Amino acid sequence: MSIQENLKEKTLVQLLKEAVSHCQSQGIFTGTGTPKIVLEVPKHDGQGDFATTLALSLAKIEKKPPREIASHLVSALTDQVSWIEKIEIAGPGYINFFLTNAYWLQTLLNIHDQQTHFGKSTPKNKERVLIEFVSANPTGPLHIASGRAAALGDALARLLETVGHKVDCEYYLNDIGTQMTLLGRSTYLRYRELFGETVTLLEGSYQGEYIIEIAETIKKQKGDQYLDRDEASSLPFFTKFSFDTIVFWIKKDLHDFGIDFDRWFSESELHEKNEVDLALDFLKTKTMSYQKNGASWVNTTQFGDDKDRVVVRSNGQKTYFASDIAYHKNKFDRGYDRLINIFGADHHGYINRMKAAVQALGYNPKNMTILIHQLVNLLRDGKPVKMSKRAGTFVTLREVLEEVGVDATRFFFLMRRSDTSLDFDLELAKKATNENPVFYVQYAHARLCSIVRVAKEKAWDVDHVIQNPNLQSLAALTLPEELAIIRLLSQYPELIKSSAEAMEPHRITFYLQSLAGLLHSYYFSCRVITEDVALTKARLVLVTAIRIVLQNGLHILGLTAPEEM
RNA sequence: GCGUCUGUAGCUCAAUCGGAUAGAGCAACGGCCUUCUAAGCCGUAGGUUGCAGGUUCAAUUCCUGCCAGGCGCACCA
């Protein structure tokens, strides 16, 4: 890690720790040991670069006023460190640290030194992570709600990789079962209809236009050869053809959305390899399952589920849950340290039963994280659009991508915490193209590129300037705006770590907006390219550093960083 | 009824492990292009953080109860 981070993380904390023990050895403090020392970046100007609430938390133990504790601590901090400008006690007992400009300028050197690696880190425990997401049933094109899961899962994967984990992305395909049969029959009926037959659509059958589209393709390719055959012998073909077509669409939609899964895992594969039976047998030998009323149940209640769950129905059919158990066993057996599942809120009832199942299988449920994202409320002109795949009334991800654009759609989904529901107003999203915050961020990047272009046109050797920065020349950066930008830049690595820890990519969108805001403001008030050679060089280093951080952040979100707009 | 998520400015949302004066964008109003991209900048206005208690030096944050909304509670997938 950077020298600077070590300074902040270790030395400042260390100094405080030493101060505490010093006070204790002098008998000023009666307690023993040190509480956890937290450094935070104050929200307001004039409160220092870092602050600690150490004195506040010590107050209770020592039974002394926090400010008094603080002043003891500060006088114990006699060890003079060159990069501390001054220390103040403020408010109820905060200790505020003001650091020298030179300390901050070091950040710019780090950024230029690390480039795309700035913000990356190495975890204490590197994990092999499998993120399963989207996994929508392949019975129709992806709709917009899947877009949220897709954007979230992909950003999370990039984020976890940035902090040093090995991440694979997987899509679980439900390619067998009653839904598949229903899909095949829906297409089959539409096929007959194309030859002039009057058909009665099945109860609950898929009725979207796309079914007719698939039927037409079959008609084109196969003519009337299925017309005289009975349904039973035709169905396997219609089911497979429909499935293949839809999976092709889904892959294409996701690819165009910037997401390519490492693996598409078929449910049927589990059955072919007998893994479902093996998993159920395994539970039986572990006495985690039992027979009741002719069905086979897993005792999930002992691990916190509301009720026990059926895995084999009394008619002999295995439930979906049985496949899920086998699937998760399969995942763990492939050697992953951590499983992450991203579910829509309509599946939140599965959390306890899946965790219980994992535990019944003998794995630690803590190694499986189920992330719930609340649903997307689709609106059109403020009025809710009811979506049903079967009725064929839904808005596809593709439609939104074509109308709103990939970057804006991704950003829109990632801007909100995943556990709040999200209103997606189609008219607003289209109309708001120019107002979407993603453009604000991307525009900042484009502006920075423009500065570099102009500088080069004016014969500045920008590359040379950037490649050879040193603290001395950067000392020309003295404006409060410039230092504010640098402080924000220096927070980037910590932001990435905490976002990854919390699995909350939305924090990055807010960070990027703040950074873009500072840049736009700075751009308006200060010119980078001036007659002042030293100043221009220093500012070129600054703006290119901003550009690197914007690029790195946008990359994690899966967005482009355009050079021109 | 039980479980779960949410409730913060007119709207959509932030708020670092419980910290100082709760912040942005949009919408509204008033300014700024002869100078590196005006998809921008500056300013004004906007709040009893759903309600009521509790915990403590400190609560948007934690706890309890209530109110409102979303979602889920199958031998469906």
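Every value quoted in this text rests on a predicted model; they were computed, and no experiment measured them. In what follows, chains carry the letters A, B, and so on, assigned in the order in which the sequence lines appear, proteins first and then strands, with residues in each chain numbered from 1.
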Table of protein N/O atoms under 3.5 Å from nucleotides 73-76 of chain B N/O atoms:
from, atom 1, to, atom 2, distance (Å)
B/C73, O3', A/Lys307, NZ, 3.4
B/C73, O2', A/Lys307, NZ, 3.4
B/C75, O2, A/Ser314, N, 2.6
B/C75, O2, A/Ser314, OG, 2.8
B/C75, N3, A/Ser314, OG, 3.3
B/C75, N4, A/Asn293, O, 3.0
B/C76, OP1, A/Arg313, NH1, 3.4
B/C76, OP2, A/Arg313, NE, 2.4
B/C76, OP2, A/Arg313, NH1, 2.2
B/C76, OP2, A/Arg313, NH2, 3.4
B/C76, N4, A/Tyr350, OH, 3.4

Please identify each residue that fulfils ring pair (Phe, Tyr, Trp, His ring centres under 6.0 Å) with [X], with sequence neighbours left out.
| X | value |
| --- | --- |
| A/Tyr440 | A/His520 |
| A/Phe238 | A/Tyr188, A/Tyr191, A/Tyr226 |
| A/Phe97 | none |
| A/Tyr511 | A/Tyr492 |

Practice prompt. Tell me, please, which residues at least two apart from A/Val38 pass side chain to side chain contact (heavy atoms under 4.5 Å, CB included).
Written response: none
Base, sugar-phosphate alone, or nothing: which one does [X] contact when heavy atoms must sit under 4.0 Å apart?
| X | result |
| --- | --- |
| A/Ala455 | nothing |
| A/Asn174 | nothing |
| A/Glu563 | base |
| A/Gln513 | nothing |
| A/Ala444 | nothing |

Taking atom [atom1] in both [N] and [M], what distance in whole Å separates the two?
| N | M | atom1 | value |
| --- | --- | --- | --- |
| B/U64 | B/C71 | C1' | 24 Å |
| B/C33 | B/A15 | C1' | 35 Å |
| B/G47 | B/C11 | C1' | 15 Å |
| B/G46 | B/G23 | C1' | 13 Å |

Within the pair [X] and [N], is there a side-chain N or O less than 4.0 Å away from OP1 or OP2?
| X | N | value |
| --- | --- | --- |
| A/Lys43 | B/A20 | yes |
| A/His506 | B/A15 | yes |
| A/Tyr511 | B/G23 | no |

Can you measure [X] atom [atom1] to [N] atom [atom2] for me and round it to whole angstrom units?
| X | N | atom1 | atom2 | result |
| --- | --- | --- | --- | --- |
| A/Ile372 | B/G70 | CD1 | C1' | 13 Å |
| A/Met415 | B/A15 | CE | P | 12 Å |
| A/Phe439 | B/C41 | CZ | P | 16 Å |
| A/Leu56 | B/A59 | CG | C1' | 14 Å |
| A/Tyr440 | B/C13 | OH | P | 21 Å |
| A/Arg507 | B/C17 | CZ | P | 6 Å |
| A/Gln374 | B/C13 | CD | P | 12 Å |
| A/Gln442 | B/G25 | CD | P | 18 Å |

Nearest to the side chain of [X], which nucleotide is it out of [options]?
| X | options | answer |
| --- | --- | --- |
| A/Arg417 | B/A14, B/U21, B/C57 | B/A14 |
| A/Val38 | B/C17, B/A20, B/C71 | B/C17 |
| A/Phe510 | B/A14, B/A20, B/U4 | B/A14 |
| A/Ile451 | B/C36, B/A20, B/U6 | B/C36 |
| A/Arg447 | B/A20, B/G40, B/G70 | B/G40 |
| A/Asn96 | B/A39, B/A38, B/A20 | B/A20 |
| A/Pro42 | B/A20, B/A39, B/A15 | B/A20 |
| A/Thr420 | B/C36, B/U6, B/A38 | B/U6 |

Please identify each residue that fulfils side-chain hydrogen bond (donor to acceptor under 3.5 Å, both in side chains) with [X], with sequence neighbours left out.
| X | value |
| --- | --- |
| A/Asp49 | A/Trp104, A/Arg487 |
| A/Asp306 | none |
| A/Tyr522 | A/Glu482, A/Arg539 |

Worksheet entry | Aromatic ring pairing A/Trp264/A/Tyr171, orientation class (parallel under 30°, perpendicular over 60°, tilted between) | parallel
Worksheet item: Would you call the rings of A/His347 and A/Phe343 parallel, tilted or perpendicular, where under 30° means parallel and over 60° means perpendicular?
Response: tilted
Fill in: Under 3.5 Å donor-acceptor pair, A/His347 side-chain atoms to B/G72 base atoms
no
Worksheet entry | Torsion-based syn/anti label for B/C17, 90° from 0 as limit | syn
Item to complete: Check the chi torsion on B/C33 and let me know: syn if it falls within 90° of 0, anti if not.
Response: syn
Practice prompt. Among residues two or more places apart or on two chains, list those pairs meeting salt bridge (Lys or Arg N to Asp or Glu O under 4.0 Å) that have a residue in residues 445-458 of chain A.
Written response: A/Lys456-A/Asp463
Worksheet item: Please, what dot-bracket string fits RNA chain B when only Watson-Crick and G-U pairs with both distances under 3.5 Å count, crossing ones use [ ] and pairs to another strand use |?
Response: (((((((..((((.....[...)))).(((((.......))))).....(((((..]....))))))))))))....
Worksheet item: Near RNA chain B, under 4.0 Å by heavy atom, which residues of residues 517-525 of chain A?
Response: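 Contacting residues: A/His520, A/Ser521, A/Tyr523, A/Phe524.
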Worksheet entry | Other residues, nucleotides, ligands: >12 heavy atoms within 6.0 Å of A/Lys64 NZ | yes
Fill in: Enclosure of A/Glu501 CD (heavy-atom neighbours >12, cutoff 6.0 Å)
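Open: at most 12 neighbouring heavy atoms sit under 6.0 Å from CD of A/Glu501.
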Worksheet item: When you match A/Ala51 and A/Gly177 each to their closest nucleotide on RNA chain B, which lands nearer the 5' end?
Response: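 Taking each residue's closest nucleotide, the earlier one in sequence belongs to A/Ala51.
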Item to complete: Starting from the 5' end of RNA chain B, give me the residue, A/Ala90 or A/Glu504, whose nearest nucleotide shows up first.
Response: A/Glu504
Discussion item. I want to check something: taking the side chain as every heavy atom from C-beta on, are A/Thr544 and A/Leu448 in contact at a cut-off of under 4.5 Å?
Written reply: no
Worksheet entry | Residue pair A/Leu535 / A/Ala476: nearest heavy atoms and the distance that separates them |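 Where A/Leu535 meets A/Ala476 most closely, the heavy atoms are CD1-O, 3.5 Å.
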